[in-house]
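Right, one structure below, let's go through it.
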Amino acid sequence: MKILVCISKTPDTTAKIAFTEGNTKLDENGIQWIINPYDEWYSLVRAIELKEKDPATTIHLVTVGNAEVEPIIRKALALGGDEAIRINVQSNDSFVVASQIAEVAKKGAYDLIFTGKETIDYNSASIGSMIAALLDLPFVSLANHFTIEGNTATIKREIEGGEETNEVILPVVVSCQKGMAEQRIPNMRGIMAARTKPLHVQEPIACNESTQVLDFELPPAKQGVKLVATDQMDELVRLLKEEAKVI
Amino acid sequence: MVLVYIDHEDQQIKTSSLEAMSYGAAVAKLLGVSAEALVLGTTQASIKDLGKQGATKVHHIAVDSLNMLDVKVNSTVIAHAATQLNASVVLFAHNINGKALAPAVAIKLKAGFVSGASSLPEIENGFKVTKTVFSGKAFAKINIATPIKVIAINQNCYGLHPIENVAEVVAMQSNIPAPSIKVTEVEKVKGELPLTEANIVVSGGRGLKGPENWGILLDLAKELGAATACSRPVSDSDWRPHHEHVGQTGLQIAPNLYIAIGISGAIQHLAGVNRSKTIVVINKDPEAPFFKAADYGIVGDAFEVVPALTAAIKKSRQSE
Ligand SMILES: Cc1cc2nc3c(=O)[nH]c(=O)nc-3n(C[C@H](O)[C@H](O)[C@H](O)COP(=O)(O)OP(=O)(O)OC[C@H]3O[C@@H](n4cnc5c(N)ncnc54)[C@H](O)[C@@H]3O)c2cc1C
């Protein structure tokens, strides 16, 4: 079996977000970069578990970005995966990113393509669904459980207020979330091995951006908290009713 | 024409889709075109009532199998309908189904796509939409450069704007492709309000000390007709089910009222809830960071404050 795992680089979850150059660029000062948590904790680790069960499995990681993403892809390789592909283009447009990955996927004839449920920077939750549409493959979103038997995957996915089980014949694109696997910490052997694993750099296919980020803005600061004493719950109810008008 | 994809479940149209319709009507007005709805599958919901949110027509492809989410099939059907109806903007609610379908529809229509939109578009010199980024820590303004646009709008960012109007329901035919997935089981927590659709959310953290203490929170939620949520360590310790976990790595929600009980307000937690209209924080530590993000705060012991709040709400209901 061949698995393609999509990896994205995002700011650490504790990062304080600020912008520069007239609010057109993220201020990268002091920002720690990490593997997008959904890509790392869920899709990559589940792929590694599948390989542990069936050693004939090959795992390829793919990322779209300039050379600055290489430390992140090496970090991912330290957890597992056989080789990585970096497509040498930087874009915030999901159509461009998905098109590049779909091209890699087409050539590699993968049985399984995993993405995280979304990235924690652009939160578009779009790459998996777009890759599937570009390749005309089935897509299952928000998977929290995944098993495989022959050429059939059994996938549990989140629905509003519950869970649904889907059966799909491979190949399939799956977006992964909590429940798929447990976070792992890379060990020394993994970190050493990652240094020598192949990292192929490919040039992008021609593809026009369909959207452009113009600028950013921080949410308006809260007015300041109004404190209510513990024996004043009637007053809190009044404020929620008459001032905030939310109950 | 602006076409709004309508999600329904349990014989009801989802509130998030009603909101998307209302948003769609406003976009249509900006563009000087009509706002129409697209309903897939069968439902007993009164779909002509989408008129109240501004739809002039409701196109209905009444095929049972479309009630199930098969992204490959349903996105193909939606894209065909959009092409047939000559839609220039196709809208979705940014809910579970919308997140899965909208990107695929965008690909099929060769449309630029923005998800998590939080404002009406600006249509001078382009087509600019503001969306939430960095899990709610910021907004980005995006220009969509393609003739057709696909947008998924955040829940509870625009609201409902009902008018007196009944839409015309038009039956629509469609070629339905062969299914690509088989649904073998559906498990639903009965009678529970889905978190993302709730107007009021009551949420608990590690400050409640253990699952056996959740009674006071559930009583408050019941009194308010609220859904319940929790912080990540709470679901990680299995005090509460995983689907209640909100935050940067859980659900991002934007109810009208979020009541946080015994939650410190870590940056990752705030990312999932800071778009709530009003935030009430109950915490015994006056230095808890959550107070900085709150509208109303009570510094005190949750085990005393929460039952007192529930009683006060009950009392105010009785005197109404
Ligand atoms: C990569 C990453 C991702 C994360 N993602 C998320 C996420 O998505 N969502 C999330 O929630 N967290 C997330 N976290 C964890 C986050 O950093 C915090 O650790 C977590 O939110 C703390 O949960 P808590 O507020 O329930 O517990 P604590 O931080 O332990 O806070 C408990 C609070 O309860 C108060 N308290 C105690 N007793 C009482 C009482 N009797 N009455 C009233 N108040 C009381 C205390 O004063 C304290 O403020 C993430 C962390 C990392 C590293």
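Within the 4.5 angstrom heavy-atom criterion, only side-chain atoms of A:Leu142, from C-beta onward, approach chain B. Using a 4.5 Å cut-off between heavy atoms, A:Leu137 touches chain B through its backbone atoms (N, CA, C, O) alone. Only the side chain of B:His242 comes within contact range of chain A, with at least one heavy atom under 4.5 Å from a heavy atom of that chain. Interface residue A:Ser141: only side-chain heavy atoms are found under 4.5 Å from chain B. Of the two parts of B:Ser75, neither the backbone nor the side chain holds a non-hydrogen atom closer than 4.5 Å to a non-hydrogen atom of chain A. Neither the backbone nor the side chain of B:Ser118 comes within less than 4.5 Å of any heavy atom in chain A. Heavy-atom distances place no part of A:Ile127 under 4.5 Å from chain B, backbone and side chain included. Using a 4.5 Å cut-off between heavy atoms, B:Val280 touches chain A through its side chain atoms alone. Residue A:Val172 does not touch chain B at all, counting heavy-atom pairs closer than 4.5 Å. Neither the backbone nor the side chain of A:Asn23 has a heavy atom closer than 4.5 Å to any heavy atom of chain B. Contacts between A:Lys241 and chain B at a heavy-atom distance below 4.5 Å involve the side chain alone, from C-beta outward. With a 4.5 angstrom heavy-atom cutoff, A:Glu118 touches chain B only via side-chain atoms. For chain B, no part of A:Ala132 is nearby; none of its heavy atoms comes within less than 4.5 Å. Only the side chain of B:Lys14 comes within contact range of chain A, judged by heavy atoms closer than 4.5 Å. Residue contact with chain A, scored on non-hydrogen atoms closer than 4.5 Å, involves the backbone and the side chain of B:Ala308 alike. Neither the backbone nor the side chain of A:Gln223 has a heavy atom closer than 4.5 Å to any heavy atom of chain B. For A:Arg157, the part lying under 4.5 angstrom from a heavy atom of chain B is the side chain only. Proximity to chain A involves both the backbone and the side chain of B:Ile142, based on heavy atoms less than 4.5 angstrom apart. The contact between A:Leu236 and chain B is made entirely by side chain atoms (from C-beta outward), counting heavy-atom distances below 4.5 Å.
The candidate with the highest count of non-hydrogen atom pairs below 4.5 Å against chain B, out of A:Ser124, A:Ala229, A:Ala98, is A:Ser124. The most heavy-atom pairs under 4.5 Å with chain A, out of B:Ala106, B:Ala271, B:Ala294, B:Gly225, come from B:Ala294. For chain B, the option among A:Thr154, A:Asp215, A:Leu239 with the highest count of heavy-atom pairs below 4.5 Å is A:Asp215. Interface summary for chain B: among A:Val246, A:Asn208, A:Ile247, A:Ile131, the most heavy-atom pairs under 4.5 angstrom belong to A:Val246. Between chain B and the options A:Ile169, A:Val168, A:Leu227, heavy-atom pairs under 4.5 Å are most frequent for A:Leu227. With chain A as partner, the option from B:Asp301, B:Ile96, B:Thr76 having the largest number of non-hydrogen pairs under 4.5 angstrom is B:Ile96. For the options B:Val183, B:Thr146, B:Val71, heavy-atom pairs under 4.5 Å to chain A are most numerous at B:Val183. Chain B forms more heavy-atom pairs under 4.5 Å with one residue of A:Leu214, A:Val237, A:Asp231 than with any other, namely A:Leu214. When each of B:Pro194, B:Ser180, B:Gly112, B:Gly297 is scored by its heavy-atom pairs under 4.5 Å with chain A, the top score falls to B:Gly297. Looking only at heavy-atom pairs under 4.5 Å with chain A, the residue among B:Ile298, B:Val105, B:Asn256, B:Asp70 that has the most is B:Ile298. Annotation: maximal heavy-atom pairing with chain A below 4.5 Å, among B:Gln268, B:Lys292, B:Glu304, occurs at B:Gln268.
Atoms CD1 and CD1, on A:Ile148 and A:Ile155 in that order, are 8.0 Å from each other to the nearest 0.5 Å. Rounding to the nearest 0.5 Å gives a distance of 8.5 Å between OG1 of B:Thr184 and CD of A:Glu164. Once rounded to the nearest 0.5 Å, the distance linking CG of A:Leu240 with CG of B:Leu224 reads 8.5 Å.
In this structure the side chain of B:Lys137 reaches within 4.5 angstrom of the side chain of B:Ile267, judged on heavy atoms. Side chains of A:Ile72 and A:Trp33 form a contact here, defined as non-hydrogen atoms less than 4.5 Å apart. Inter-residue side-chain proximity for B:Val133 and A:Phe216 is flagged as met; some heavy-atom pair is nearer than 4.5 Å. B:Asn156 places a side-chain heavy atom less than 4.5 Å from the side chain of B:Lys277.
Contact between A:Leu79 and A:Ile185 at its shortest, heavy atoms only, is CD2-C, 4.1 Å. When all heavy atoms are compared, the tightest approach of A:Asp39 to A:Ser8 is OD2-N, 2.8 Å.
Cation-pi geometry between A:Lys117 and A:Tyr42 is not satisfied (NZ or CZ under 6.0 Å from the ring centre, within 45° of the ring normal).
Ionic pairing of A:Glu243 and A:Lys226 is present here: one or more N-O contacts between side-chain nitrogen and carboxylate oxygen are shorter than 4.0 angstrom.
In the displayed structure, A:Glu182 atom CD is contacted under 6.0 Å by at most 12 heavy atoms of other residues, nucleotides or ligands. Other residues, nucleotides and ligands contribute only 12 or fewer heavy atoms inside 6.0 Å of the CD atom of A:Glu68. With a 6.0 Å radius and a threshold of 12 heavy atoms from other residues, nucleotides or ligands, B:Asp236 has its CG atom above the threshold. Within a 6.0 Å radius of NZ in B:Lys315, other residues, nucleotides and ligands contribute 12 heavy atoms or fewer. Counting non-hydrogen atoms of neighbouring residues, nucleotides and ligands closer than 6.0 angstrom, the CD atom of A:Gln183 exceeds 12 such neighbours.
Judged by distance alone, the side chain of B:Gln252 and the main-chain N or O of B:Gly247 form a donor-acceptor pair under 3.5 Å.
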